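The structure appears below as structure tokens.
Along the sequence shown, the residues carry numbers beginning at 1. Source: prediction; values computed, not measured.
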Amino acid sequence: MKKIMVTGGAGFLGSHLCERLVDEGHEVLCVDNYFTGSKRNVYHLMDDPRFEFMRHDVTFPLYIEADEIYNLACPASPIHYQFDPVQTTKTSVHGAINMLGLAKRLKAKILQASTSEVYGDPNVHPQPESYWGHVNPIGPRACYDEGKRCAETLFFDYHKQHGLRIKVARIFNTYGPRMHPNDGRVVSNFIIQALKAEPITIYGDGLQTRSFCYVDDLIEALIRLMNTPDDFTGPVNTGNTDEFTMLELAEKIIRLTGSRSEIIFRPLPSDDPKHRQPDITLAREKLEWEPKTALDEGLEYTIAYFKALLASGNGNKPQECGVPQKSGIKGCLLYTSPSPRDLSTSRMPSSA
Ligand code: NAD
Ligand code: UDP
């Protein structure tokens with residue numbers, strides 16, 4: 001049993017990770033400022049003696065004890081990270097410095113949730129870890145992309161300069177239950193639009209591609225990466241290699257939901273990457289891992305989650321959802337009438 005800290009633990013990925021680690025018998029400290037996360041994502045863990053929650057902003061130093069640190073704190077969807085871009089960069093950069101400083105003092109192992117966005121709008125396809133990327137340093141996505149790139153630099157310099165044990169995962173688009181319903185990401189947008197029989201909004205011509213990984217597969221990869229021998233640092237791509245256009249995704253979701261929604265086209269946001277597909281040769285070799293969940297299957301679980309979310313009536317009390325219990329997604333807590341208040345800080349725009 002280890003003492004493990006998860007920053008960003010009340011968010012989409014973080015809450016699944018906390019749950020897995022608690023299930024494995026570890027003591028888990030979840031640290032989050034609730035910017036995009038919610039207490040409701042970890043509500044079902046609150047009574048577990050192995051789980052503890054701390055409200056804290058990682059841009060400030062933190063003094064706790066831990067054997068391992070998973071650094072996930074950072075808003076991940078474009079509308080969230082672009083809302084306060086300076087804070088986004090600070091979260092990635094100051095957050096990394098603070099968590100690395102903590103890991104150094106504790107001699108703890110530390111994993112960074114990096115991103116495929118370090119490749120920007122890639123001109124190498126699929127993207128191997130050796131590709132340095134194609135990022136606009138002053139564009140609307142830069143606060144996230146460059147913040148994550150700088151965090152990787154810090155991780156590797158702490159490793160080289162101070163001998164810190166680091167792990168860097170470059171996470172590709174991940175989806176599943178507990179995605180925020182209003183974060184504007186394509187999977188949640190399309191599912192909610194389809195379930196409400198509203199038009200499905202494709203940005204651009206819909207021929208841009210993404211490769212979507214189901215959350216359980218991704219969490220498995222992060223845990224395996226943390227457990228690799230100390231001489232393996234990554235960066236390692238973690239994602240599903242099955243690539244789809246946004247048109248194909250929309251058609252799939254219409255079919256799986258049996259929706260009457262029509263597809264409409266809206267302008268493409270600037271700097272929107274045209275293609276994204278991970279090369280996971282390294283993950284296969286070093287983590288002995290590859291995703292197991294096909295997009296249709298993962299979408300079914302995610303659709304069931306959002307269906308239950310929409311059907312859960314009014315009121316603000318969390319409720320158990322009826323999501324199929326794949327690999328122990330227990331107690332997916334739902335909230336009704338999602339409001340900006342659920343995003344914890346009054347800094348969020350009401351449209352988010
Ligand atoms: P999320 O927005 O659901 O979770 C992020 C969590 O970090 C939230 O709970 C938020 O409240 C918290 N947070 C934000 N700023 C903070 C701060 N300054 N101090 C403390 N907590 C803070 O996003 P997610 O999808 O769960 O992503 C988790 C991590 O994985 C992020 O670092 C993200 O960049 C990375 N990632 C996610 C994806 C994906 O597809 N979901 C892809 C690539 C990388
Ligand atoms: N997208 C879309 N309609 C939407 C939301 C997103 O067509 O309602 C597109 C978006 O322009 C991008 C892709 O879907 O090309 C993935 O967007 P998302 O924000 O989910 O992830 P990211 O762009 O960060 O990979």
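If you check the side chains of Asn237 and Tyr131, you find no donor sitting under 3.5 Å from an acceptor. For the 3.5 Å distance criterion, the side chains of His80 and Gln82 fail to qualify, holding no donor opposite an acceptor. Of the N and O atoms on the side chains of Ser188 and Asp183, at least one donor lies less than 3.5 Å from an acceptor on the other residue. A side-chain donor-acceptor contact under 3.5 Å links Asp217 and Thr293. Under the 3.5 Å distance criterion, with hydrogens and angles disregarded, a donor-acceptor pair is assigned to the side chains of Asn173 and Arg276.
Each side-chain hydrogen bond (donor to acceptor under 3.5 Å, both in side chains) pair with one or both residues in residues 100-115, not counting sequence neighbours, appears once here: Asn71-Gln112, Ser114-Glu152.
Remark: Asp296 engages Lys252, Arg255 in a salt bridge (Lys or Arg N to Asp or Glu O under 4.0 Å) (not counting sequence neighbours). Listed by chain and residue number, nothing satisfies the salt bridge (Lys or Arg N to Asp or Glu O under 4.0 Å) test with Lys292 (two or more places apart in sequence, or in another chain). With sequence neighbours excluded, no residue satisfies ring pair (Phe, Tyr, Trp, His ring centres under 6.0 Å) with Phe244. Applying the salt bridge (Lys or Arg N to Asp or Glu O under 4.0 Å) rule to Lys90 yields no partners; only residues at least two apart in sequence or on another chain are considered. Not a single ring pair (Phe, Tyr, Trp, His ring centres under 6.0 Å) links Phe155 to another residue, sequence neighbours left out. Among residues two or more places apart in sequence or in another chain, the side chain to side chain donor-acceptor pair (under 3.5 Å) test is passed with Asp121 by Lys274. Glu288 is linked by a side-chain contact (heavy atoms from CB on, under 4.5 Å) to Arg224, counting only residues two or more places apart in sequence or in another chain. Contacts of Asp157 classified as salt bridge (Lys or Arg N to Asp or Glu O under 4.0 Å), with partners at least two apart in sequence or in another chain: Lys160. Applying the side chain to side chain donor-acceptor pair (under 3.5 Å) criterion to Asp242, with sequence neighbours excluded, gives no partner residue. Here His159 pairs with nothing under the ring pair (Phe, Tyr, Trp, His ring centres under 6.0 Å) rule; sequence neighbours left out.
In this structure, Glu19 pairs ionically with Arg178, as a charged nitrogen and a carboxylate oxygen lie closer than 4.0 Å. Comment: Arg20 engages Glu220 in a salt bridge, judged by a side-chain N to carboxylate O separation of less than 4.0 angstrom. With respect to Asp23 and Arg50, no salt bridge is recorded, no charged nitrogen being found less than 4.0 Å from a carboxylate O.
In this structure, CD1 in Ile64 is found 5.5 Å from CD1 in Ile69, a value given to the nearest 0.5 Å.
Closest non-hydrogen pair, Val215 versus Thr174, comes out as CA-CG2, 3.7 Å.
At distances below 3.5 Å, not a single donor-acceptor pair connects side-chain atoms of Ser92 with backbone N or O atoms of Ala151. In this structure, Gln193 contributes its side chain and Thr201 its backbone to a donor-acceptor pair below 3.5 Å.
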Sequence neighbours left out, cut at 3.5 Å: what donor-acceptor pairs do the side chains of residues 139-146 make with other protein atoms?
unit_1 : atom_1 : unit_2 : atom_2 : d
Arg141 : NH2    : Glu117 : OE1    : 3.2
Arg141 : NH2    : Glu117 : OE2    : 2.9
Glu146 : OE1    : Arg149 : NE     : 3.4

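Residues Leu100 and Val118 do not share a hydrophobic cluster, defined by chaining ILVMFWY side chains whose heavy atoms lie under 4.5 Å apart.
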